[in-house]
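These numbers come from a predicted model, not from an experiment.
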Amino acid sequence: MKVVFLLFVFAIATLLEFYGGVLMLPAPLLALALVTLYFSFVFSPVTVFPPALLAGLVLDLGFDRPYPFSGVILLAALLAGRLIRPKAPEHLQETALCGLGSAFIAILGGVLASSAMVSSLPDPRELVWHLLFWGALGFAVTPLLVLGLDAAGRTLGIEGAIRQQKSTVGGRLRPRKVREAVKGRNS
């Protein structure tokens, strides 16, 4: 069931990337970068490597790009997100900064790869605004994405990215016993 969930979400993210490309949105690989980051928290990053590479290759073939940069950019975005938070997050807010880093690298890599294909450098002011806008969007959307995919995964019996904290009440920690002073000893 885990593999079906992984492939289904990657397929939806790839379709969103195709739809964004058809609409000429300047956000290359944002959805795939965030989904790759999410699944790297749920499974190991090594497990996420082949589907991310395959989705990047499908995008490059679908858009008839001469060089398959997308898979490498997705892996760099995954690395950026995991360097910010190497362990699985314990709180939903911890995923936001990882989403910012992952979105930042995905947008920067996508813009630089597309400018390398047309042999022109992007306008620096426009690049800064793209990085700020899409990075902020990655910062805001990542916790919502994690929340939604965790809920969907838990209904399928898959452990989510946010690890449930174990309660310390209920037998593991007992209240400390206080010894009362014995009469006549220090009186």
Side-chain angles (χ1 to χ4, degrees), residues 1-21 25 27-63 65 68-113 131 134-166:
M1 193 54 114
K2 292 178 183 181
V3 174
V4 173
F5 182 59
L6 177 88
L7 294 177
F8 178 74
V9 174
F10 263 102
I12 295 296
T14 306
L15 288 175
L16 280 173
E17 292 291 343
F18 275 124
Y19 188 64
L25 287 176
L29 305 173
L30 181 65
L32 274 173
L34 296 180
V35 165
T36 304
L37 179 68
Y38 169 76
F39 280 116
S40 75
F41 287 138
V42 175
F43 309 117
S44 70
V46 176
T47 306
V48 180
F49 177 77
L53 202 58
L54 180 67
L57 187 62
V58 166
L59 274 179
D60 289 333
L61 291 174
F63 285 127
R65 295 179 181 144
F69 286 133
S70 296
V72 175
I73 294 168
L74 283 174
L75 296 177
L78 169 66
L79 182 65
R82 289 302 291 214
L83 283 176
I84 292 172
R85 179 77 182 157
K87 296 180 182 177
E90 294 177 1
H91 302 286
L92 195 60
Q93 297 86 359
E94 293 176 356
T95 62
L97 196 57
C98 299
L100 173 71
S102 191
F104 187 80
I105 295 297
I107 298 300
L108 183 64
V111 167
L112 292 179
L131 290 174
W134 295 108
L137 188 67
F139 183 80
V141 167
T142 304
L144 298 174
L145 178 80
V146 168
L147 189 65
L149 289 178
D150 272 359
R154 284 199 180 101
T155 59
L156 298 172
I158 300 170
E159 186 177 354
I162 306 296
R163 304 293 189 234
Q164 297 292 332
Q165 291 181 330
K166 293 180 173 65

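The distance from atom CG of L37 to atom CG of L32, rounded to the nearest 0.5 Å, is 12.5 Å. Distance CD1/I107 to CD1/I73: 10.0 Å, rounded to 0.5 Å. Within the model, atoms CG of L59 and CG of L29 stand 6.0 Å from one another, a figure rounded to the nearest 0.5 Å.
A donor atom on one side chain and an acceptor atom on the other are not found under 3.5 Å apart for R82 and S102.
Looking only at distances, no side-chain donor or acceptor of E17 sits under 3.5 Å from a matching main-chain atom of A13.
A heavy-atom distance below 4.5 Å is not found between the side chains of L57 and S70. You'll find the side chain of C98 stays beyond 4.5 Å of the side chain of T142, heavy atoms only. Taking the side chain as every heavy atom from C-beta outward, I105 and L78 never approach each other to under 4.5 Å. Between D150 and Y38, the closest side-chain pair of non-hydrogen atoms falls below 4.5 Å. Between V141 and L34 there is a side-chain heavy-atom pair separated by less than 4.5 Å. With a 4.5 Å cut-off on side-chain heavy atoms, F10 and V48 count as touching.
Among all heavy-atom pairs drawn from L108 and L131, the shortest one is N-CD2, 3.8 Å. Of all heavy-atom pairs between A161 and V146, the closest is CB-CG1, 4.2 Å. Summarising the geometry of K87 relative to F41, their closest heavy-atom pair is O-CE2, 3.8 Å, with the distance given to 0.1 Å. The nearest pair of heavy atoms linking G101 to A80 is O-CB, 3.9 Å. R85 approaches E90 most closely through the heavy-atom pair NH2-N, 4.1 Å. Of all the heavy atoms in G138 and A103, the pair that sits closest is CA-CB, 4.0 Å.
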*Dump the intermediate steps for side chain to side chain contact (heavy atoms under 4.5 Å, CB included) on L74 and L53, then the final yes or no.*
CA-CA 7 Å; L74 283 174; L53 202 58; over 6 Å; no

*Would you check, one step at a time, whether the test side chain to side chain contact (heavy atoms under 4.5 Å, CB included) holds for L30 with L16?*
CA-CA 10 Å; L30 181 65; L16 280 173; over 6 Å; no

_Evaluation steps, side chain to side chain contact (heavy atoms under 4.5 Å, CB included), between T95 and I162_ = CA-CA 9 Å; T95 62; I162 306 296; 4.1 Å; yes

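Shown here is F18, whose CZ atom has more than 12 heavy atoms of other residues, nucleotides or ligands within 6.0 Å. Within 6.0 Å of atom CZ in F63, more than 12 heavy atoms from other residues, nucleotides or ligands are found, so the atom counts as buried in its surroundings.
Applying the side chain to side chain contact (heavy atoms under 4.5 Å, CB included) rule to L100 yields the partners L97, F139; only residues at least two apart in sequence or on another chain are considered.
Annotation: F39 is in aromatic contact with F5 [ring centroid separation under 6.0 Å].
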